[in-house]
Amino acid sequence: MTALAPAKLNLGLEVIGRRPDGYHELATIMQTVTLADRLTLEATEPAELGGTAPVVFTVDDPALGEENLAHRALLVLRARAGRANGAVAHLEKRIPLAAGLGGASADAAAALLAGCRLWDLHLPSGKLRGLAAELGSDVPFFLRGGTALVTGRGEAIAPIRPLRDLWFVVVTPRPAAPIPRKTAALYAALLPEDRSSGARVRAHAERLDRGVPLDPDALANAFSRAVYGLRPELRRGAEALLGAGAPWAALSGSGPSHYTAVPHRSVADEIAARAASLAEPSDAIAVCAPHLGPPPVRPGGPDSDPV
Ligand code: C5P
């Protein structure tokens with residue numbers, strides 16, 4: 001089985017307030033993109049004497065260990081389904097880590113969908129969504145992908161009209177030192193002045209759903225002040241894009257990835273090439289397009305192309 005795990009961009013993000021359960025209420029528009037990790041899976045038989053076979057998981061990026069959310073997703077899925085079959089899984093990382101692009105959550109959603117196919121599980125979709133939400137706040141969105149207004153803790157997903165004819169340039173500056181438990185740290189660093197009602201994102205979602213083009217003025221991100229406050233050097237993502245001629249630059253998720261969007265691939269490629277000369281060599285730069293729908297899953301090994 002081969003699955004692709006498309007990354008996401010946040011097209012505007014508002015944090016509304018802290019909930020009694022410690023999570024935050026948010027309003028954001030999420031968009032999956034063609035920048036994707038690739039997960040390959042092979043099923044193995046239950047161990048002799050009815051024992052549970054191992055799920056062996058390897059990753060091509062040493063920065064991400066065997067202990068990752070996709071591995072956990074497979075283990076939890078199998079336990080809930082009460083199966084003893086195992087798997088040999090390999091993850092090829094293309095989405096930068098801890099970048100605001102949802103890579104870990106995307107991998108987990110792809111693992112859930114591919115695991116269901118691999119082990120021939122027929123979980124009701126509500127159960128799968130519940131499992132996804134247990135794994136992480138962003139995981140339920142990745143099960144369906146596309147363009148959606150995402151509210152609540154991240155589990156309330158309202159699909160909107162797909163964005164079309166748009167190319168994104170994504171610049172991910174590598175921080176001088178990683179921010180430990182980045183997402184939690186950035187939520188914790190928010191001040192009352194970073195909060196807003198969610199009305200801007202909701203209004204933008206409503207316009208996009210009517211076919212009005214993406215509005216750069218609606219892409220503000222509640223984490224901007226906190227990200228730049230913790231790591232001022234991360235501004236260079238936006239600076240590289242703007243210096244390269246991007247019409248605007250927006251922050252995705254809790255950063256540090258910044259992106260811009262233009263209507264033509266050739267223009268996106270030119271901006272990416274110029275941004276590469278302005279950014280640090282360790283920074284990641286990608287050109288991608290909107291990805292429609294859930295993570296593609298196909299039978300076959302790593303050579304089969306799931307898109
Ligand atoms: O759900 P996930 O494990 O991805 O969240 C990581 C951390 O980010 C949580 O432990 C919490 O501190 C914070 N978070 C939050 N509100 C959300 C999502 C995440 O406060 N809606």
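The basis for the numbers below is simple: all heavy atoms, side chains too, and nothing from hydrogens, waters or symmetry mates. We count ligands from 1, going down the list as the structure has it; atoms in each ligand are counted the same way. Numbers here are sequence positions counted from 1.
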Give a yes or no on whether a salt bridge exists between Asp60 and Arg94, defined as a side-chain N under 4.0 angstrom from a carboxylate O.
yes
Step through the shown structure and confirm whether more than 12 heavy atoms of other residues, nucleotides or ligands are within 6.0 Å of CZ on Arg144.
no
Polar side chain donor-acceptor pair, Ser137 to Arg153, under 3.5 angstrom
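Yes, because at least one side-chain N or O of Ser137 sits under 3.5 Å from a partner of the opposite role on Arg153.
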Would Thr34 and His291 count as having a side-chain donor-acceptor pair, cut-off 3.5 Å?
no
Using the six-membered ring wherever Trp is involved, compare the ring planes of Tyr187 and Phe223 and label them parallel, tilted or perpendicular (cut-offs 30° and 60°).
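Perpendicular.
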Students often mix this up, so state it plainly: with edges at 30° and 60°, are the rings of His71 and Phe57 parallel, tilted or perpendicular?
parallel
Residue contacts for ligand 1, heavy atom to ligand atom, distance under 4.0 Å
Gly22, Tyr23, His24, Leu26, Gly136, Ser137, Arg153, Thr183, Ala184, Tyr187
